[in-house]
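Have a look at the structure below, then the notes.
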Amino acid sequence: MTTGAGVDLVAFSPSSQRAITVQVKSSDAPKPGGGKGKLALDWWIADDCPSELAALVDVATDTAWLLTKGELATFAQQHSGGRYHLYMYVDRTAMPRGLRPAMQAGFDAHRLELNAGPLLAAGQ
């Protein structure tokens, strides 16, 4: 598989004895939500991406989050045109609406350093 197919990384899980595919998306820096709003990181991922996991990276702070395909579908604030749009406000004064997490702190449990071991061990 290639990155054109939606797979950027393949990790091997010794516990499940299988390869796990990962789509990696990066955001260079926060930008104003909706063009004029509070600063947020955002990523777009095709809903038919074949990867099992999505790694979302904030290049400016060298921070990454790892989500399963199901979590991506659950947490994405928008789903249109065959793509999921997930964003995280970095501005603590943001007042997001809706039931889905939208503040960066709401995704702390999904940070790569906390989530990679359990997800790979489970053979996600």
Heavy-atom closest pair, residues [X] and [Y]:
X	Y	result
D8	Q23	OD2-NE2, 2.7 Å
P30	L41	N-CD2, 3.7 Å
G6	C49	O-SG, 3.3 Å
K69	D48	NZ-C, 4.5 Å
H85	D42	NE2-OD2, 2.8 Å
P50	V7	CG-CG2, 4.1 Å

Sub-3.5 Å donor-acceptor pair from the side chain of T21 to the main-chain atoms of E52, do we have one? yes
Students often mix this up, so state it plainly: with edges at 30° and 60°, are the rings of H110 and F75 parallel, tilted or perpendicular? perpendicular
Test log, rule side-chain contact (heavy atoms from CB on, under 4.5 Å), inputs L86 and I45: CA-CA 8 Å; L86 189 140; I45 299 177; over 6 Å; no
Name all residues meeting the salt bridge (charged side-chain N to carboxylate O under 4.0 Å, His left out) criterion together with D58; count only those two or more places apart in sequence or in a different chain, and write none if there are none. none
In terms of hydrophobic clusters joined by side-chain contacts under 4.5 Å, are L9 and L66 together? yes
Quick check: is L72 connected to W44 through a chain of hydrophobic side chains (ILVMFWY, heavy atoms under 4.5 Å apart)? no
Would you give the length of the straight line joining atom [atom1] of [X] to atom [atom2] of [Y], rounded to the nearest 0.5 angstrom?
X	Y	atom1	atom2	answer
F107	M88	CZ	CE	5.0 Å
I20	T68	CD1	OG1	11.5 Å
L67	L53	CG	CG	8.5 Å

Quick one: which residue pairs count as a ring pair (Phe, Tyr, Trp, His ring centres under 6.0 Å) with a foot in residues 53-74, not counting sequence neighbours? W43-W65
Is there a side-chain contact between L39 and P32 (heavy atoms, below 4.5 Å)? yes
After noting the C-alpha distance and the side-chain angles of Y84 and Q77, does the key distance pass the side-chain contact (heavy atoms from CB on, under 4.5 Å) rule? CA-CA 8 Å; Y84 292 114; Q77 293 90 351; over 6 Å; no
Evaluate the criterion side-chain contact (heavy atoms from CB on, under 4.5 Å) for residue pair V22 and S51; output intermediate values, then yes/no. CA-CA 5 Å; V22 183; S51 294; 5.6 Å; no
